[in-house]
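Contents: one structure, followed by commentary.
Because the structure is predicted, anything quoted here is derived from the model rather than measured.
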Amino acid sequence: RTSDGPHGHWFSADGTRMALASTEEGSISVWDTGTNTVIFEETVGEDLVEHHAMESPMNFVSRARAHGEEVVDSHPHSLPLMAGITQSGRYAFTATSNEGKFYVFDVAAKKRIKEFLIGSGPIQTVISPDGKRVFVPLSGDGALAVIRTSDWTLEKTIPNIGAGAH
């Protein structure tokens with residue numbers, strides 16, 4: 001069984017691993033496709049409104065508005081929209097649209113190894129064919145973040161690729 005709200009997945013080059021983002025649970029998981037089992041899972045970011053963390057986005061918005069609360073964002077989680085994985089399956093990664101952060105995980109060690117801000121509204125995370133870079137459109141900035149995988153750092157941001165890029 002996948003997490004609730006599966007969205008945006010990617011496979012390792014040999015197809016033995018699949019990284020999957022969960023928009024409902026605010027998490028990333030990595031699956032062994034041969035055994036159909038989760039081999040790694042971790043929540044990313046912070047619940048943006050802690051006491052609403054387990055509600056669906058629609059319930060959260062409806063209840064907040066009914067009580068006169070201002071809704072800054074319609075989703076109470078950090079909202080990872082797509083997960084990625086390196087060709088070898090060693091590292092998985094995701095970006096959180098609400099927080100503008102990029103996360104990297106060592107799948108074998110089962111731990112988060114990097115977390116950093118990349119820009120406003122990251123949507124998709126796509127690794128280059130040679131595995132040297134991850135490209136992340138920043139829909140809020142109309143830019144493209146380029147992340148170097150050798151040290152998992154933001155190499156550059158390319159501006160002016162268009163509003164709502166993804």
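Side-chain atoms of Thr94 come within 3.5 Å of backbone atoms of Met82 as a donor-acceptor pair (strictly under, hydrogens ignored). Panel note: side chain Asp32, backbone Thr37; no donor-acceptor pair is recorded below 3.5 Å. When atom types are taken as modelled, the side chain of Thr33 and the backbone of Thr16 share a donor-acceptor pair closer than 3.5 angstrom. Glu41 places no side-chain N or O within 3.5 Å of a backbone atom of Trp31 that could act as its donor or acceptor partner.
Counting all heavy atoms, side chain and backbone alike, Ser97 lies closest to Ile123 at OG-CD1, 4.2 Å. For the residue pair Ala21 and Ala83, the shortest heavy atom distance occurs at N-CB, 3.6 Å. Heavy atoms only, all atoms of each residue included: Pro122 and Ala95 are closest at CB-CB, 3.6 Å. For the pair Gly84 and Thr125, the tightest heavy-atom approach, listed with the atom from each and the gap, is N-OG1, 3.7 Å. Taking both residues in full, the closest heavy atoms of Leu138 and Thr157 are given as CD1-CG2, 4.1 Å, listed atom of the first, atom of the second, then distance. When all heavy atoms of Pro137 and Gln124 are compared, the closest pair comes out as CD-O, 3.3 Å.
When the salt bridge (charged side-chain N to carboxylate O under 4.0 Å, His left out) test is applied to Arg148, the partners found at least two apart in sequence or on another chain are Asp151, Glu155. Partners of Leu117 by side-chain contact (heavy atoms from CB on, under 4.5 Å), not counting sequence neighbours, listed by chain and number: Lys101. Ser150 meets the side-chain hydrogen bond (donor to acceptor under 3.5 Å, both in side chains) test with no other residue; sequence neighbours excluded. Among residues two or more places apart in sequence or in another chain, the ring-ring contact (aromatic ring centres under 6.0 Å, His included) test is passed with Phe135 by none. Glu42 meets the salt bridge (charged side-chain N to carboxylate O under 4.0 Å, His left out) test with Arg112; sequence neighbours excluded. With sequence neighbours excluded, no residue satisfies side-chain contact (heavy atoms from CB on, under 4.5 Å) with Asn160. Take Asp14 and apply the salt bridge (charged side-chain N to carboxylate O under 4.0 Å, His left out) test, not counting sequence neighbours, and it matches no residue.
Applying the 6.0 Å contact sphere to NZ of Lys132 captures no more than 12 heavy atoms from other residues, nucleotides or ligands.
Considering only heavy atoms from C-beta on, Glu115 stays 4.5 Å or farther from Val44 through its side chain. Under the 4.5 Å side-chain criterion, counting only non-hydrogen atoms from C-beta, Phe40 is not in contact with Asp106.
Sequence neighbours left out, the pairs with a member in residues 115-134 that pass ring-ring contact (aromatic ring centres under 6.0 Å, His included) are Phe102-Phe116.
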Start with the C-alpha gap between Phe11 and Ile85, add the side-chain angles, then the distance that decides, and say whether side-chain contact (heavy atoms from CB on, under 4.5 Å) holds.
CA-CA 6 Å; Phe11 290 90; Ile85 195 162; 5.6 Å; no
Report the C-alpha distance between Phe93 and Ile28 in whole Å, list the side-chain angles of each, state the deciding distance to 0.1 Å, and finish with yes or no for side-chain contact (heavy atoms from CB on, under 4.5 Å).
CA-CA 8 Å; Phe93 47 87; Ile28 181 175; 5.8 Å; no
